[in-house]
Amino acid sequence: MIYTTFAQWDMKNKRIFLRADLNVPLINGKMSNDFRLKSILPTINTILNKQGSIVLATHIGRPKNKEAELSTQNLVPWFKEQGYAIQFVPDINSITQHTIIPQQILLLENLRFLPEEKNGDSFFAKQLARTAHYYINDAFGVIHENDCSVTLLPYEFPENRRSIGLLMEKELHALDALKNNPARPFIAILGGGKIKDKIPLIHTIIKKVDILLLCPALCFSFLKALGQPVGQSLVDDTMLTLCKKIMGQAEKSGISYLFPTDYQVAYNSIDGPLDTVSAPNFPDNAIGISIGPKTVAQFEAEINHAKTVFFNCAMGFANRPETQKNTKNIIDAMAQSAAKTVIAGGDSVDIALQTDHYQSISHLSTGGGAALAYLSGITLPGLAPFEEQ
Ligand code: 3PG
Ligand code: MG
């Protein structure tokens with residue numbers, strides 16, 4: 001277990017670089033919930049109470065250009081509404097010219113607007129390090145990524161000047177129960193987008209669980225690998241060999257993996273008319289976007305027998321609420337079950353927060369891919385700088 005050490009630092013009149021995951025879910029450019037913002041406040045408040053000054057940094061989305069809707073400037077009004085003294089600083093190099101003002105937050109522009117963040121650039125790490133005396137990583141959602149501010153930057157600070165934050169500690173603690181000694185049967189319900197990232201993670205988590213429920217969109221790469229009809233659904237053809245390997249491994253280890261028996265589909269495009277179809281009769285011109293009602297009932301029965309349920313499975317589209325109904329039904333079943341339940345990921349939590357009983361979920365996690373990666377027990381680049389201490 002890794003613990004925070006930063007509460008012992010003398011932070012008065014010092015700058016603390018705080019890497020957060022403020023990658024808020026956006027619907028048509030508008031923030032749909034502030035879960036990730038609220039989650040970082042315990043760390044922010046601890047620093048500010050000790051008269052420290054914060055250099056706050058995050059990514060938002062996966063920008064190709066400097067898209068205005070992905071600018072961190074959009075987060076400033078939220079912090080001001082909560083009463084924080086916050087200033088947006090677009091130029092990293094100008095930070096050192098600012099006088100240190102205790103209890104002030106200087107918010108950097110979206111780190112991924114600079115290609116160096118993704119390029120493992122050691123000069124960029126040094127440039128960021130010059131802005132602060134201490135480093136805190138509280139960006140749980142990116143511990144499995146190789147972003148420079150998460151992997152290289154911490155090493156620019158001596159061991160006694162780098163720490164994880166309170167959110168990270170809370171996440172790791174909540175997930176340790178699932179990672180080390182889960183009550184069984186342990187079910188993982190996996191779906192949603194980012195299939196290129198998620199399928200390799202299924203490969204690593206497979207041995208930890210008893211039952212895998214594979215859902216849209218990622219189930220379609222597995223089904224295509226099996227030669228089943230998937231119409232025009234999202235498939236990553238580069239993943240088919242890995243999908244076969246995962247299924248072979250599951251069979252050898254006695255792990256069940258279940259596919260939906262029916263689907264909610266849209267015809268011709270994701271905005272097309274909706275329908276429910278059975279799995280064997282998947283139409284050529286249909287795109288699978290969620291599970292159908294028979295599958296909801298079947299998966300509810302699985303949830304009711306489980307002792308542990310992990311969910312990273314945001315199906316449907318936020319701008320078409322009727323496509324998210326069955327995701328909500330599964331979350332409701334989890335909320336009503338006696339199992340230990342975890343819902344992980346920005347989009348999955350966004351849907352959960354729209355349900356009536358989400359308070360009954362044991363843990364809402366700010367990271368989806370990160371939680372999957374952590375549970376599987378693989379070494380994570382974002383945690384390595386703290387594990388060695
Ligand atoms: C997320 O939303 O999953 C995290 O913020 C990480 O984002 P990424 O998958 O683009 O690295
Ligand atoms: Mg996400």
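We count ligands from 1, going down the list as the structure has it; atoms in each ligand are counted the same way. This is a predicted model, so every value here is computed, not measured.
Listed by number with element, the atoms of ligand 1 under 4.0 Å from a non-hydrogen atom of G141 are 4 (C), 6 (C). Applying the 4.0 Å criterion to heavy atoms of D21 picks out, from ligand 1, the atoms 4 (C), 5 (O). Using a 4.0 Å cut-off to heavy atoms of E145, the atoms of ligand 1 that qualify are 8 (P), 9 (O), 11 (O). The R62 neighbourhood of ligand 1 comprises atoms 8 (P), 9 (O), 10 (O), with distances under 4.0 Å to a heavy atom of that residue. Under a 4.0 Å criterion applied to the non-hydrogen atoms of H59, ligand 1 contributes the atoms 4 (C), 5 (O), 6 (C), 7 (O).
The closest heavy-atom contact to atom 9 (O) of ligand 1, among the options K118, R36, K194, K198, comes from K194. Closest to atom 2 (O) of ligand 1 by heavy atom, among N23, I143, L22, V150, is N23.
For Y358 and F35, the ring centers are positioned 6.0 Å apart or more. A centroid separation of 6.0 Å or more is found between the aromatic rings of F299 and F311.
When heavy-atom distances to ligand 1 are checked against a 4.0 Å cut-off, H144 has no atom that comes that close, whether in backbone or side chain. With a heavy-atom cut-off of 4.0 Å, R112 touches ligand 1 through its side chain alone.
Between the CD1 atom in I164 and the CD1 atom in I2 there is a gap of 5.5 Å [rounded to 0.5 Å].
Contact check on K294 versus D262 returns no salt bridge, with no Lys/Arg side-chain nitrogen under 4.0 Å from an Asp/Glu carboxylate oxygen. Salt bridge annotation for R36-E171: absent, with no cationic side-chain nitrogen under 4.0 angstrom from a carboxylate oxygen. In this structure, K118 pairs ionically with D147, as a charged nitrogen and a carboxylate oxygen lie closer than 4.0 Å.
S71 places none of its side-chain heavy atoms less than 4.5 Å from the side chain of K66.
Of the polar atoms of D197, none of the N or O atoms is found under 3.5 Å from an N or O of ligand 1, judged by distance alone.
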